[in-house]
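Computation of the quantities below employed the complete heavy-atom set of this structure, encompassing side-chain atoms and omitting hydrogens, waters and symmetry-equivalent molecules. Just so you know, residue 1 is the first one in the sequence shown, and it goes up from there.
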Amino acid sequence: MNLKCLAVSAFFALTFGGSYCTETSAVAEQVKQNAVYLTEAVENGRDYEIAPTKGTVSYSTAISSGEPNTFLQAYFNCLKTNMGENYKGSCGYVALGMLLSYYDTFLNDDIIPEQYDVVSFGSETDMIARHNSPGIYNDIITASDCAVYNKTNVYDLSASEYFNFISKQVNYSLHAKLISIGETAGNYNYKSDKNPAGTTHSDRESTLISYLRWAGFSANDFSIVGKERSSVGILTSSDDVKKFVKSYIDKGYPVLVGLENTDTGARHACIAYSYDDNDVYLNMGWSGGNEHVPVSLRYNRYNSAFIIDWKLAHEHTNNYAVRKSSIDGMPSTKFYCYDDSHIVTSGHRHQFTNRYKQYNSSMHTAYCLCGQHINEYHSFNVKVPVVMSTSKLCEHCGYYVPGGGGSEIV
């Protein structure tokens, strides 16, 4: 649902600013305008760490007093289950889905089509208090699903069997859609039954670009800004990537990071969204837990990072739902945009009196506060003090027709 906002919210003015950032301080810094990729050699291994068995391990820590209190922090700290399920090394695709769902909730509801949306339901309009961020379908594969292939669990599935299951979910699972896009581009490793869906930094970028083009966005709507650790040429270190991550969190961006533990060989892609004097904090993309994990608890090297730099104005979204008792015939469930709990974006009685825009000589467009609109006939009830008494002026949109058969004025 595409509901136009009447003005860009104060939050986005603060969070995203009025200009779009590019980094020019080092040759190694890559500003990727859509399909322009790295020319520098980088350490670009595949990230593939899978989630621990549900409920067995939690690395999450409490939010510290030194962290900022923002929508960015609130969203990812409350994003617990509405994400893709990390199987077969698909952490990069899970992270892409999380990145997109953040912007679909806070920027523009067309970033993820409604068929993939999972709405956050609660009894109150305080999105932080409900601790349940909206997102996308959690595509768990059950034992009965695996039994079709005579296997007991998803980890026993071959690369081909797993992708066969994924391909059947592309119409309702964004995680599956993203994996399918990667597979089409040759980024799915059928030779690895353990981690066929592992991705590199460039794999994730190219998948993101292909998805956004599929979703109807053009090169003028976004750019991708990123940094990778390099091993040759002008050295970009792990600390350089970490500084990049922190600088963009400061600007209000969630950052998709590629991390590594050089002692264990573990590699992972996830979302960095907050930091304090001690550490950077991650939502690991492991549904059901681990929404606030210090990087240093599991990893000791930053390999890569990127952000999406949007050039879109904010539009009200409908990803937060509030269940209330039916009053005076009103629906019991209403949908709200995060930025104003008084602006109901669905499930309410529209009042098309908020603003008007001229449409043609017979009609204007009337808007409800939520952004929905209708076309209605002009209301020529205003007398115009001009020489010709037959002059007409619409009292709503200002459409003016001069008297005496003159030309209409729009």
Strictly under 6.0 Å, is that where the ring centroids of F217 and F222 end up?
-> no

Can you list the steps and then say if Y399 with N360 is a side chain to side chain donor-acceptor pair (under 3.5 Å)?
-> CA-CA 9 Å; Y399 179 81; N360 58 29; over 6 Å; no

How many angstroms lie between atom SG of C78 and atom CG of N132, to the nearest 0.5 angstrom?
-> 8.0 Å

Going by distance alone, is a donor N or O of one side chain under 3.5 Å from an acceptor N or O of the other, for Y172 and D139?
-> no

For P254 and I307, work out which heavy atoms get closest and say how close.
-> O-CG2, 3.5 Å

List the steps and the verdict of side-chain contact (heavy atoms from CB on, under 4.5 Å) for D276 and Y281.
-> CA-CA 8 Å; D276 58 18; Y281 297 96; 2.8 Å; yes

Taken in chain and number order and not counting sequence neighbours, the residues that satisfy ring pair (Phe, Tyr, Trp, His ring centres under 6.0 Å) with Y162 are none

T152 vs C146 side-chain heavy atoms within contact, under 4.5 Å | no

Check: D250/S247 side-chain N/O donor and acceptor closer than 3.5 Å = no

For the pair L72 and F76, evaluate side-chain contact (heavy atoms from CB on, under 4.5 Å) and give the outcome as yes or no after the intermediate values.
-> CA-CA 7 Å; L72 173 63; F76 284 103; 3.7 Å; yes

Start with the C-alpha distance between T81 and N138, add both sets of side-chain angles, then the distance that settles side chain to side chain donor-acceptor pair (under 3.5 Å), and finish with yes or no.
-> CA-CA 7 Å; T81 57; N138 180 224; over 6 Å; no

Measuring from T365:OG1 to R355:CZ, what's the distance to the nearest 0.5 Å?
-> 9.0 Å

So, does N195 use its side chain to make a donor-acceptor pair with the main chain of G198 at under 3.5 Å?
-> no

Can you list the steps and then say if L79 with N82 is a side-chain contact (heavy atoms from CB on, under 4.5 Å)?
-> CA-CA 7 Å; L79 183 60; N82 296 328; 4.2 Å; yes

Would you indicate whether the side-chain heavy atoms of R298 and N261 approach each other to under 4.5 Å?
-> no

Check: D240 side chain, S237 main-chain N or O, donor-acceptor pair, under 3.5 Å = yes

Using the six-membered ring wherever Trp is involved, compare the ring planes of F106 and F71 and label them parallel, tilted or perpendicular (cut-offs 30° and 60°).
-> tilted

So CD of E114 and CG of N319: to nearest 0.5 Å the spacing works out to 7.0 Å

With I224, which of L212, I209, D309 fulfils side-chain contact (heavy atoms from CB on, under 4.5 Å)?
-> I209

Between the side chains of S101 and D104, does any donor sit under 3.5 Å from an acceptor?
-> no

Does C91 offer a backbone N or O that forms a donor-acceptor pair with the side chain of N86 under 3.5 Å?
-> yes

Would you call the rings of F380 and H378 parallel, tilted or perpendicular if under 30° counts as parallel and over 60° as perpendicular?
-> tilted

Taken to the nearest 0.5 Å, the spacing of H292 NE2 from D279 CG works out to 9.5 Å

S223 versus K311: any side-chain heavy-atom pair under 4.5 Å?
-> yes

Any idea which heavy atoms bring M98 and N283 closest together, and the distance?
-> CE-OD1, 3.2 Å

Donor-acceptor contact present, side-chain N153 to main-chain D156, <3.5 Å | yes

Any donor-acceptor pair under 3.5 Å linking the side chain of Q358 with the backbone of C397?
-> yes

Can you check whether L208 reaches L100 side chain to side chain, under 4.5 Å on heavy atoms?
-> yes

Between Y211 and L174 the two heavy atoms that sit nearest each other are CE1-CD1, 3.6 Å

In sequence, state the C-alpha distance, the side-chain angles, and the governing distance for S160 and S158, and then conclude on side chain to side chain donor-acceptor pair (under 3.5 Å).
-> CA-CA 5 Å; S160 295; S158 69; 4.8 Å; no

Would you find a donor on one side and an acceptor on the other, under 3.5 Å apart, between the side chain of T207 and the backbone of D203?
-> yes

State whether the side chain of T317 and the backbone N or O of T105 hold a donor-acceptor pair below 3.5 Å, judged by distance alone.
-> yes

Shortest non-hydrogen separation from S274 to Q73 and the atoms involved = OG-NE2, 3.7 Å

Would you mind reporting whether I271 and Y102 have side-chain heavy atoms less than 4.5 Å apart?
-> no

Heavy atoms of other groups near Y359 OH, more than 12 under 6.0 Å = no

Check step by step if side chain to side chain donor-acceptor pair (under 3.5 Å) holds for T199 and R204.
-> CA-CA 6 Å; T199 55; R204 294 187 285 272; 2.9 Å; yes

Is any side-chain heavy atom of S90 closer than 4.5 Å to a side-chain heavy atom of I179?
-> yes

H396 and its ring-ring contact (aromatic ring centres under 6.0 Å, His included) partner, picked from Y356, F352, Y377 | Y356

Under 3.5 Å, is there a donor-acceptor pair between the side chain of D193 and the main chain of P196?
-> no

Would you check if the side chain of Y87 reaches a backbone N or O of I141 as a donor-acceptor pair within less than 3.5 Å?
-> yes

Specify the closest pair of heavy atoms between Y273 and E291, including all atoms of both residues, with the distance to one decimal.
-> OH-O, 2.7 Å

When the ring planes of W214 and Y116 are compared, do they come out parallel, tilted or perpendicular, using 30° and 60° as the limits?
-> tilted

Taking the side chain as every heavy atom from C-beta outward, state whether V154 and F165 have any pair of such atoms under 4.5 Å apart.
-> no

State the OH-CG distance between Y155 and L157, to the nearest 0.5 angstrom.
-> 10.5 Å

With side chains defined as the heavy atoms from C-beta onward, is the minimum distance between K243 and K227 less than 4.5 Å?
-> no

Exam field: side chain S173 to backbone Y137, donor-acceptor pair closer than 3.5 Å | no

Closest heavy-atom pair and its distance - S120, S133 | CB-C, 4.1 Å

Verify side-chain contact (heavy atoms from CB on, under 4.5 Å) between E376 and H364, making sure each step is shown before the conclusion.
-> CA-CA 6 Å; E376 61 184 21; H364 55 241; 3.0 Å; yes

Report the relative orientation of the aromatic rings in Y190 and F163; use parallel for angles under 30°, tilted for 30 to 60°, perpendicular for over 60°.
-> perpendicular

So OG of S296 and CG of L259: to nearest 0.5 Å the spacing works out to 11.0 Å

